[in-house]
Amino acid sequence: MIQLLDAMVLFVLLSIAFALYGRPQMKDGGGTWRRLVGVACYGAALTCAPLVAWGAVAVRDAGMDSAGQVAVIWMGLSCVVVGLLIGPPLDWLRSKHPMPLATDPTTLARVADIARALGIAPPRLRIRGSTSVSLETQAYAGGLVAPSIVATDGILHRLDPKERDAILAHEMAHISTGSLWWLSALPATTGVIGVLIGVSLTEGAALLLSGVLWVGLHRIVSRRTEIACDRAAGRAVGFATTANALAKLHVTIPIEERGVVSALAFATATHPSRAIRLAALRHEASVAERDAIVLDVGAVTRQRTLSVMALVIWLSVIAVGIAFGSAHGGWPWVHGILILVVITPTVLLLAARKRRFRDAARRVRRQTVTWDVRLRRLGFGLVGALIAFVLLTPKPSSEKDGTRRAIGALFVLSAAAIVLWTTAIVGRRARRLRREVEEAMRDRDFARGIALESRYPKRVRRDPVLRYNLAISKAAMGDRVSAIRDLECLARDVPRMSIALSAQADLLVDLDPERAVGIIRDGTIQEPEDPAVHVVAARALRRLARLDEAEAALERGRALDPDGADIVAVAAGLALDRGNVALARRLADEALLRAPGDAAALVARAEVSIAEGPWNAARAAVHAAKDAAAVSPFAFLDGAVRDLEAKLAASQKT
């Protein structure tokens with residue numbers, strides 16, 4: 001039983017721990033000691049709340065083990081969530097170096113202007129670089145001690161300046177509306193409610209019902225705060241501009257916005273669908289701006305209906321869990337229903353992922369998985385299987401059966417602990433080195449990552465992921481010869497890594513397209529379902545003026561990824577080569593609709609602009625493509641940009 005003195009001691013210890021953890025963010029974000037102490041005490045009070053609730057109700061019944069388990073679990077989760085919100089946003093993803101601060105004076109001036117409009121102090125803005133060909137478009141707010149913003153480079157470079165301001169305003173609205181405080185309180189609130197309703201439930205029902213509560217409460221609060229932040233951003237920079245920015249961001253996210261699965265996923269997701277968000281903006285906009293926000297009324301109606309249905313199902317499951325999960329005669333099938341509700345939102349989101357993102361993630365996982373990852377999966381699989389077994393099977397009928405069950409559970413837990421401990425200790429150095437190289441790639445400090453190769457040559461040779469990332473870093477620095485050589489060795493040593501073959505061919509498109517085509521043929525044998533392989537082949541064949549073969553390669557890629565913007569961009573170039581400028585313009589515009597601000601799509605549009613004229617418009621398009629290629633170091637479009645500049649110079653002379 002938790003006594004008042006125990007709770008006070010725990011509160012003091014947690015306050016000190018949160019203050020120490022939040023001190024670096026206070027210095028980094030320009031916070032004050034007063035706010036640091038206040039936030040630390042607030043976080044400690046939240047974390048202690050479930051245990052205090054358990055102590056209060058346990059006064060009447062000292063044998064409430066199920067409520068105690070709920071309190072302890074949600075105390076731990078609350079501690080994690082509060083810690084994440086107190087520290088710098090996404091800082092847990094990094095090992096040593098902080099994310100670089102934004103230095104562009106225009107962007108910083110706009111941040112200050114928007115902060116004044118929202119009534120808050122200007123937060124620090126940090127930039128998170130992308131490690132993909134197409135720049136990521138994400139933004140985050142955090143750091144309760146001294147709030148700050150993290151934006152990926154795609155926000156700054158793929159959106160128009162006004163649209164960039166709208167996304168930054170949305171993140172700053174998370175600070176001005178206090179939504180970070182609400183989100184930090186959710187685990188503790190869930191724990192307190194779970195303790196109160198878990199008084200008469202079995203251990204399994206109490207734990208699972210608290211999980212169901214978390215799933216629903218998190219989504220209800222998060223969806224409302226997202227809408228509130230959208231509206232605040234609209235008031236700060238304009239509702240039509242905010243709607244345009246959100247429409248572009250929803251195009252770039254890996255979740256489809258069509259079909260039944262997608263609609264169900266957004267009905268249970270933490271963020272509303274694009275249709276719901278645009279409808280909320282249009283409702284708040286002035287008459288002058290309202291007409292500029294185009295709505296799909298049918299999509300809005302469907303999403304609202306599904307959201308209400310999801311809410312009704314959630315409340316019904318809670319009622320069923322309370323009614324049939326009683327400690328006196330509880331039914332085991334109730335556990336299955338509760339587990340289904342807990343995992344359904346995640347399953348729907350995974351199922352709604354766009355095929356190209358899903359296939360790319362599966363391909364990378366399959367080709368780059370290492371032994372420590374396999375062992376870690378085994379360990380977590382054992383733990384998950386044990387939890388499912390305990391929750392879904394009825395209690396043993398005799399003391400002897402209970403003893404056997406406990407011994408078996410202890411054996412499985414011991415095996416899982418040994419496996420996870422092995423991966424944590426033995427694979428720690430390799431994971432740290434991978435993270436340092438990835439950090440260097442994100443920070444565009446490629447020399448820092450490459451220097452690690454000479455410091456840890458043996459570890460690099462044993463790790464295919466490190467070898468691949470270091471080769472790509474060399475290519476991004478301009479040393480394509482070394483990168484091609486390293487990728488060739490990697491593909492020979494690890495035949496399953498066809499991404500090494502496709503990357504090698506991508507680098508050879510400008511240097512030796514004939515060799516690139518030969519490499520791609522080998523790559524398609526090993527990975528025939530990778531559309532990126534066929535896109536690289538089409539680019540190389542186009543350089544060789546083998547247009548029929550290039551179109552055939554694109555068709556193979558389109559069959560695998562009908563919505564791929566890179567496929568449409570290459571198709572625009574092929575149409576231009578055949579003299580069909582109108583089709584090329586349509587395809588280039590379509591590529592930009594599918595991937596706003598993408599470097600490859602901008603290159604395709606620049607090619608069409610040179611063919612159409614006038615020269616001033618073509619020059620502006622070429623400059624936009626050149627700037628996009630410069631900030632997308634992993635797109636390797638410098639050869640295409642040189643061709644654009646040569647064509648532009650030739651068109652000026654004519």
Side-chain angles (χ1 to χ4, degrees), residues 18-40 42-43 81-130 135-159 161-184 225 229 232-233 236-237 245 249 439-440 442-445 448 631:
F18 284 141
L20 292 175
Y21 182 71
R23 187 168 175 266
Q25 175 63 9
M26 180 197 71
K27 293 184 176 181
D28 179 76
T32 63
W33 282 100
R34 180 179 179 181
R35 185 180 176 101
L36 173 64
V37 173
V39 170
Y42 167 78
V81 172
V82 170
L84 290 175
L85 289 174
I86 286 178
L90 302 183
D91 187 62
W92 56 277
L93 289 173
R94 303 178 68 85
S95 58
K96 290 183 180 179
H97 305 276
M99 289 183 193
L101 288 165
T103 57
D104 179 52
T106 304
T107 303
L108 295 178
R110 288 299 298 146
V111 168
D113 293 340
I114 296 169
R116 281 193 294 270
L118 294 174
I120 61 173
R124 299 283 173 88
L125 174 61
R126 292 192 176 275
I127 307 302
R128 186 170 189 253
S130 303
L135 302 183
E136 301 169 9
T137 52
Q138 299 290 332
Y140 314 87
L144 279 172
V145 174
S148 59
I149 304 295
V150 173
T152 59
D153 46 6
I155 296 293
L156 273 62
H157 300 298
R158 292 183 62 179
L159 301 179
K162 291 183 179 180
E163 295 166 347
R164 171 208 63 198
D165 294 345
I167 300 304
L168 296 179
H170 172 96
E171 296 306 322
M172 284 188 273
H174 278 293
I175 301 172
S176 66
T177 59
S179 64
L180 296 178
W181 298 93
W182 287 103
L183 292 174
S184 65
T225 57
C229 291
V237 302
L249 253 64
E439 283 180 15
R442 289 189 180 278
D443 296 343
R444 305 299 187 252
D445 190 359
R448 189 179 83 213
V631 298

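Since the structure is predicted, the reported quantities are computational estimates derived from the model, not experimental observations.
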Are [X] and [Y] close enough for a salt bridge, meaning some N to O gap below 4.0 Å?
| X | Y | answer |
| --- | --- | --- |
| Glu136 | Arg442 | yes |
| Asp443 | Arg448 | yes |
| Asp165 | Lys162 | no |
| Arg444 | Asp153 | yes |

Derivation and outcome, side-chain contact (heavy atoms from CB on, under 4.5 Å), residues Ile155 and Leu249 = CA-CA 9 Å; Ile155 296 293; Leu249 253 64; 4.2 Å; yes
Check [X] against [Y] and note the closest heavy-atom contact, atom names and distance.
| X | Y | value |
| --- | --- | --- |
| Val82 | Ser184 | CG2-O, 4.0 Å |
| Ala102 | Leu108 | O-CD1, 3.6 Å |
| Leu36 | Ala19 | CD1-O, 3.7 Å |
| Leu156 | Ala151 | CD1-CB, 4.2 Å |
| Ala245 | Ile167 | CB-CD1, 3.8 Å |
| Ile127 | Met99 | O-CB, 4.1 Å |

Are [X] and [Y] packed together at the side-chain level, in the sense that at least one heavy-atom pair is separated by less than 4.5 angstrom?
| X | Y | value |
| --- | --- | --- |
| Leu144 | Trp181 | yes |
| Ile149 | Pro89 | no |
| Arg110 | Thr107 | no |
| Leu168 | Val111 | yes |

Report the C-alpha distance between Ile114 and Val237 in whole Å, list the side-chain angles of each, state the deciding distance to 0.1 Å, and finish with yes or no for side-chain contact (heavy atoms from CB on, under 4.5 Å).
-> CA-CA 8 Å; Ile114 296 169; Val237 302; 4.1 Å; yes
List the steps and the verdict of side-chain contact (heavy atoms from CB on, under 4.5 Å) for Thr225 and Leu180.
-> CA-CA 9 Å; Thr225 57; Leu180 296 178; over 6 Å; no
Roughly how far, to the nearest 0.5 Å, is the OG atom of Ser179 from the CD atom of Glu171?
->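 Reported value, rounded in 0.5 Å steps: 9.0 Å.
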Full working for side-chain contact (heavy atoms from CB on, under 4.5 Å) between Leu101 and Arg124 = CA-CA 7 Å; Leu101 288 165; Arg124 299 283 173 88; 4.3 Å; yes
Provide the full list of salt bridge (Lys or Arg N to Asp or Glu O under 4.0 Å) pairs with a residue in residues 22-36, sequence neighbours left out, each pair given once.
->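 Sorted result for residues 22-36: Asp28-Arg126.
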Among pairs that include at least one residue of residues 138-149, which meet side chain to side chain donor-acceptor pair (under 3.5 Å), considering only residues two or more places apart or in two chains?
->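 Side chain to side chain donor-acceptor pair (under 3.5 Å) check on residues 138-149 returns Gln25-Ser148.
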Over 12 foreign heavy atoms within 6.0 Å of CH2, Trp182 |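 No, not enclosed.
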Residues which pass side-chain contact (heavy atoms from CB on, under 4.5 Å) with Ala112, listed by chain and number, not counting sequence neighbours =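 Once residues adjacent in sequence are excluded, the partners of Ala112 under the side-chain contact (heavy atoms from CB on, under 4.5 Å) criterion are Arg116, Pro122.
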